[in-house]
Every structure is written in C-alpha cells, then in structure tokens.
Colleague: 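Got a structure here, written out as structure tokens. Questions coming.
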Amino acid sequence: MEQYLPLILSAIGGGVLGPIVAKVLGGSGTGGLLGGVIGGIGAHFGADAAGVGNLLGGGAMVHVQNLLEGGVGGGILGVIAGMVMKSKA
C-alpha cells in the first residue's frame, strides 16, 4: 500500500485544486475534476522522471510535496479540461 500512497495523494491534490481553479477561471467543475485527477497523477510521474525527488525534505513532508505536485498539475490540466468541456456544452 505504501507504494501507492504518493499516487493517491497526488490524485487527491489534483482532484481538490483542479475544479476550484477551473471554476474560478470560467470552466466547468466536472472537467476540472477529471482533468485535476489525471493532471495530478501526471505531474507526479513527471516530477519523478525529472528527478525532482524530495524538495521539502523527508518524513511527512514527502506527503505534503505529493499533494502540492498533484495540486499544480491538476490545476493546470483541470483548467484546460474545464474550458474544453464548457465550450462544447
């Protein structure tokens, strides 16, 4: 279970921040949620591939970093998906 915890935390971070940012910038909440979760997981893998590692240190701060990674990636992709889904409706 411990190997999946960073992915789960990244998805939660993206799932929370994606719809919020999408609604603030005029997109749809559903697109923000879907884009947020996918963007959060993608940002985690991207940061891992870039070798970012643990910028905030060890211990519990790793979990905070996973939430922030997911929030940033989810916010970006959530806005894009939210605007695309709203423009088609």
Side-chain angles (χ1 to χ4, degrees):
M1 180 68 182
E2 189 167 327
Q3 71 245 16
Y4 299 118
L5 191 59
L7 291 174
I8 293 169
L9 290 173
S10 294
I12 290 171
V16 169
L17 198 58
I20 293 171
V21 175
K23 283 302 245 182
V24 166
L25 295 178
S28 74
T30 305
L33 178 64
L34 294 174
V37 170
I38 294 169
I41 293 172
H44 172 73
F45 280 119
D48 223 13
V52 173
N54 297 331
L55 291 177
L56 298 178
M61 293 306 286
V62 173
H63 301 308
V64 173
Q65 180 177 343
N66 289 328
L67 282 169
L68 292 175
E69 284 174 0
V72 169
I76 293 169
L77 195 62
V79 166
I80 294 169
M83 293 224 179
V84 166
M85 287 183 75
K86 186 166 187 159
S87 67
K88 295 199 180 221

Colleague: Under the side chain to side chain contact (heavy atoms under 4.5 Å, CB included) rule, collect the residues that match up with I41, sequence neighbours excluded.
Modeller: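 With neighbours one apart ignored, the set is L7, A11, V37, F45.
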
Colleague: Only distances under 3.5 Å count here; give the side-chain donor-acceptor pairs of residues 58-81 to other protein atoms, sequence neighbours excluded, each with its distance to 0.1 Å.
Modeller:
residue	atom	partner	partner atom	Å
Q65	OE1	L55	N	2.9
Q65	NE2	G53	O	2.7
Q65	NE2	E69	OE2	3.2
N66	ND2	V62	O	3.3
E69	OE1	H44	ND1	3.2

Colleague: With clusters defined by side-chain heavy atoms of hydrophobic residues (ILVMFWY) lying less than 4.5 Å apart, directly or transitively, does I20 cluster with I38?
Modeller: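 I38 does not cluster with I20.
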
Colleague: Which pairs would a plain distance check flag for residues 22-36, meaning a side-chain donor or acceptor within less than 3.5 Å of a matching protein atom at least two apart in sequence or in another chain?
Modeller:
residue	atom	partner	partner atom	Å
S28	OG	G31	N	3.2

Colleague: Report yes or no: do I12 and L5 belong to one cluster of Ile/Leu/Val/Met/Phe/Trp/Tyr joined by side chain heavy-atom distances under 4.5 Å?
Modeller: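 The answer is yes; both residues are in one hydrophobic cluster.
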
Colleague: Look at atom CD of E2 and say whether more than 12 heavy atoms of other residues, nucleotides or ligands are closer to it than 6.0 Å.
Modeller: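 It does not: E2 CD has 12 such atoms or fewer within range.
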
